[in-house]
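Encoded as structure tokens, the structure appears first; notes follow it.
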Amino acid sequence: MLWSKLFIPTLREVPADAEVASHRLLLRAGYVRPLGAGIYNYLPLAQRSLAKIQRIIREEMEAIGAQEFHLAALNPAEVWQESGRWTAMGQNMFRLRDRFQRDLCLGMTHEEVMTALARGELRSYKQLPQIWYQIQTKFRDEPRPKSGLLRTRQFTMKDSYSFDLAPSGLDLSYEKHRQAYCRIFERCGLDYVVVEADSGSMGGSASQEFMVATDAGEDYVVVCRQTGYAANLEKAVSRPTPPSLPDNDADLSPTEVHTPNQKTIDEVAAFLNLPTTSSIKTLVLIATFGDKHSPLIALLRGNHQLSETKFLAATGAKEFRPAHPEEIRSLFGADPGSLGPVGVTNIPIYADKALEGRKNLVAGANKDDYHLLHVTPGEDFSATFADIRQVEAGDTELHSGAPLEILKTMEIGHIFKLGYKYSDSMGLTVLNEEGKETRVIMGSYGIGVERVLCGAIELFHDADGISMPPSIAPFEVVLTPVNLTDESQRTAAFDLYNSLRAQGVDTLLDDRDERPGVKFKDADLIGIPWRVTLGKKLAQGLVEVAERRTKTVTEVPLTEVASWLCSKLRP
RNA sequence: CGGGGCGUGGCUCAGCCUGGUAGAGCGCCUGGUUCGGGACCAGGAGGCCGGAGGUUCGAAUCCUCUCGCCCCGACCA
């Protein structure tokens, strides 16, 4: 295409509101423009990149036998009521009413719609397995849209759903997706990690996330370079650092000690001249089971943090919150700061495994300004031991003891074994070989299309702008004639342009009446992987080919540059 | 939903404290000179200062309300 005819509104100055790199650069490079909070218009450059990402996704989905659908974005409430998610989704769902006061919503994902479609049409085991997918706009009423295209209220998602007769079939469909996703993200030029994920309220047995490491992300993952272990921080397990002081091995009984005004773990530890690793942290939580609320105690080593996800999993609670000070006082007769498990019998106690086998620790005495020395878990109080601790820096891999890293990441894809959640709630069955009604087992698999674009930009940018991976760049090559009024440059540029296009190279010709500096700056900013400069050297039959990513410049004869580029782009 | 910040021309911002009727740079248009890393000169267009109400002789500026946007937190199938 000709640059002069394309709408590429690059900005010289940095937009004030953009903080993360991809947001700033998408605006500066003229890819997108905001329409409202978390709502963006995609301009031609973004549209071209997103189309290329989608093409790669389609090719890889078709390769595993998936079939593309286009589903309704406007959904009647009934389908969502059937699965229970009409209420479960809460405020995150965009809802509306039609003129007859019927409730509708805008789809935020399509498990319900797919299942509703499948149950009307799939009758026999002979029709299974099926993989159905779509690439469509999803709507979520985000409480806080942010970071440009990273968290928006309207975005494009590839979502697919597998229908199988048996768990072994689901395993296969899941594995096909896992491999397809790896190929998709590889072809998109991304560096990514696959991590074990919490399946959360999606239910189901297994789930993995595809993550790009970037500070712009919102998730933390734990990875071990030696063993390959990788998991979302929510569910990651590890071996904790050893206590900084070995426990006193003597057989001692709890002893009260006066600790005036020492409230926090750190204060108490300093006051008693013991490390925080020798303290027990006592958290009082009000958990929800069904529609009932009841208090629970969580115990952790003094320096450890509670993992909410693990605690929910360990207790089976639906949700929980910290108890209010008044609740604590009425339960314990003491204020937060002096709480402990000793003598508590009417509240279930969950103790982290890092406390199992420890001896003679410090805990609150349930009496203001007093703590207990010599508290031994399992002896001085009984508790359910479970892993309810969040992995922290310095921990090591559970089995091998190899070092772990904690990375900040952005989720670009997620695969789930759903199991029977939707087929049960919505009645999706087929007849099996014996003619008996059989539940269909499902999987669900998503890719955030814009996030692939953002991930690429987060990973590949520099002070000059974006350095897009060639496979998803809006153009593969930009031709930059230094001076278009020079007839030989002009002719050479247009000839090369036509020749590249004839060979299927996605080429942009910068035919604008601009000074060379402007053209170079713009080309770097929008991130085209290869730039061909046609200038003075043309007299010797040479052009310069600059690689955006490495900033290397190679002089190539004009007559050979097309095939030279082809060999780089299609090796 | 809590906390913070910001709304002045397309963009980045100054002016606000101490009220007197709106500015700069970039961008845009015209002409000229330029032309290998965001040129220069000259001329020009473009703003009911987010909105409403109030105080005042007079409000971008002070007060109240409201809307929008950004950031932190909560939240995030």
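Naming convention: chains lettered A, B, ... in sequence-line order (proteins, then strands); numbering from 1 in each chain.
The shortest distance between the side-chain N/O atoms of A/Arg12 and the OP1/OP2 oxygens of B/rG27 is below 4.0 Å. At least one side-chain nitrogen or oxygen of A/Arg515 sits closer than 4.0 Å to the OP1 or OP2 atom of B/rA39.
Aromatic rings from A/Phe210 and A/Phe185 are positioned such that their centres are separated by under 6.0 Å. You'll find the ring centres of A/Phe311 and A/Phe320 inside the 6.0 Å limit.
The nearest whole Å value for the distance from the CD atom in A/Glu308 to the P atom in B/rC76 is 9 Å. The separation between A/Arg531 atom CZ and B/rG37 atom P is 11 Å, rounded to whole Å. Atom CD in A/Glu13 sits roughly 8 Å away from atom C1' in B/rC13 (whole-Å rounding). The nearest whole Å value for the distance from the CZ atom in A/Arg24 to the P atom in B/rC11 is 18 Å. Between A/Arg28 atom CZ and B/rG10 atom P there is a gap of 20 Å when expressed in whole angstrom units. Between A/Arg451 atom CZ and B/rA77 atom C1' there is a gap of 12 Å when expressed in whole angstrom units. For the pair A/Leu233 CG and B/rC76 P, the interatomic distance rounds to 15 Å; values are reported in whole Å. The interatomic distance linking A/Asn92 (CG) with B/rC76 (P) rounds to 7 Å, in whole Å.
Judged by atom type and distance alone, A/Asn483 does not reach the base of B/rG36 through any side-chain donor-acceptor pair under 3.5 Å. One can find a donor-acceptor pair under 3.5 Å joining the base of B/rG36 and the side-chain atoms of A/Glu544. Put simply, the side chain of A/Glu514 and the base of B/rG38 share no donor and acceptor less than 3.5 Å apart. Counting atom types as modelled, A/Asp522 pairs a side-chain N or O with a base atom of B/rG38 as donor and acceptor under 3.5 Å.
Distance check on atom C1': B/rU33 versus B/rC69 gives 43 Å, rounded to whole Å. For B/rG20 and B/rG32, the C1' atoms lie 41 Å apart once the distance is rounded to whole Å. B/rG9 and B/rG51 have their P atoms separated by 10 Å, given to the nearest Å. Rounded to whole Å, the separation between the P atoms of B/rA24 and B/rA42 comes to 14 Å. Between B/rA22 and B/rC29, the two P atoms lie 27 Å apart (nearest whole Å). Rounded to the nearest Å, the gap between the P atom of B/rC49 and that of B/rG3 is 30 Å. Using P as the reference atom, B/rG54 and B/rA59 are 12 Å apart when rounded to the nearest Å. Nucleotides B/rG23 and B/rA14 are separated by 7 Å at their C1' atoms, to the nearest Å.
With sequence neighbours excluded, the residues forming a side-chain contact (heavy atoms from CB on, under 4.5 Å) with A/Leu122 are A/Ala118, A/Gln127, A/Leu128, A/Gln130, A/Trp132, A/Phe163, A/Val430, listed by chain and number.
Side-chain atoms of A/Tyr220 and A/Thr409 include no donor-acceptor pair closer than 3.5 Å. No hydrogens or angles considered: a donor-acceptor pair under 3.5 Å links the side chains of A/Ser207 and A/His414.
Within 4.0 Å of A/Asp524, counting heavy atoms only, lies at least one base atom of the nucleic acid.
In this structure, the nucleotide among B/rC76, B/rA74, B/rG37 sitting nearest to the side chain of A/Pro143 is B/rA74. Set against B/rC76, B/rA77, B/rC35, the side chain of A/Glu218 has B/rC76 as its closest nucleotide. Of the candidate nucleotides B/rC76, B/rG38, B/rA77, B/rA77 has the atom nearest to the side chain of A/Arg140.
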List every contact pair, protein side and nucleotides 70-72 of chain B side both N or O, where the distance is under 3.5 Å.
| unit_1 | atom_1 | unit_2 | atom_2 | d |
| --- | --- | --- | --- | --- |
| B/rC70 | O3' | A/Asp17 | O | 3.4 |
| B/rC72 | OP2 | A/Arg144 | NH2 | 2.1 |

Set out, in order, the CA-CA distance, both residues' side-chain angles and the distance that settles side-chain hydrogen bond (donor to acceptor under 3.5 Å, both in side chains) for A/Asn483 and A/Thr485, then state yes or no. CA-CA 6 Å; A/Asn483 182 358; A/Thr485 57; 2.5 Å; yes
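In this structure, B/rG7 and B/rC67 make a Watson-Crick or G-U wobble pair, each of the two defining distances being under 3.5 angstrom.
Nearest heavy atoms, A/Arg48 versus A/Pro474: NE-O, 2.9 Å. Here the shortest heavy-atom pairing between A/Ile412 and A/Arg451 reads CG2-O, 3.7 Å.
Looking at which nucleotide of RNA chain B each of A/Asp219 and A/Val518 is closest to, the 5′-most match is held by A/Val518.
The only member of A/Arg144, A/Lys408, A/Lys146 that meets salt bridge (Lys or Arg N to Asp or Glu O under 4.0 Å) when paired with A/Glu218 is A/Lys146.
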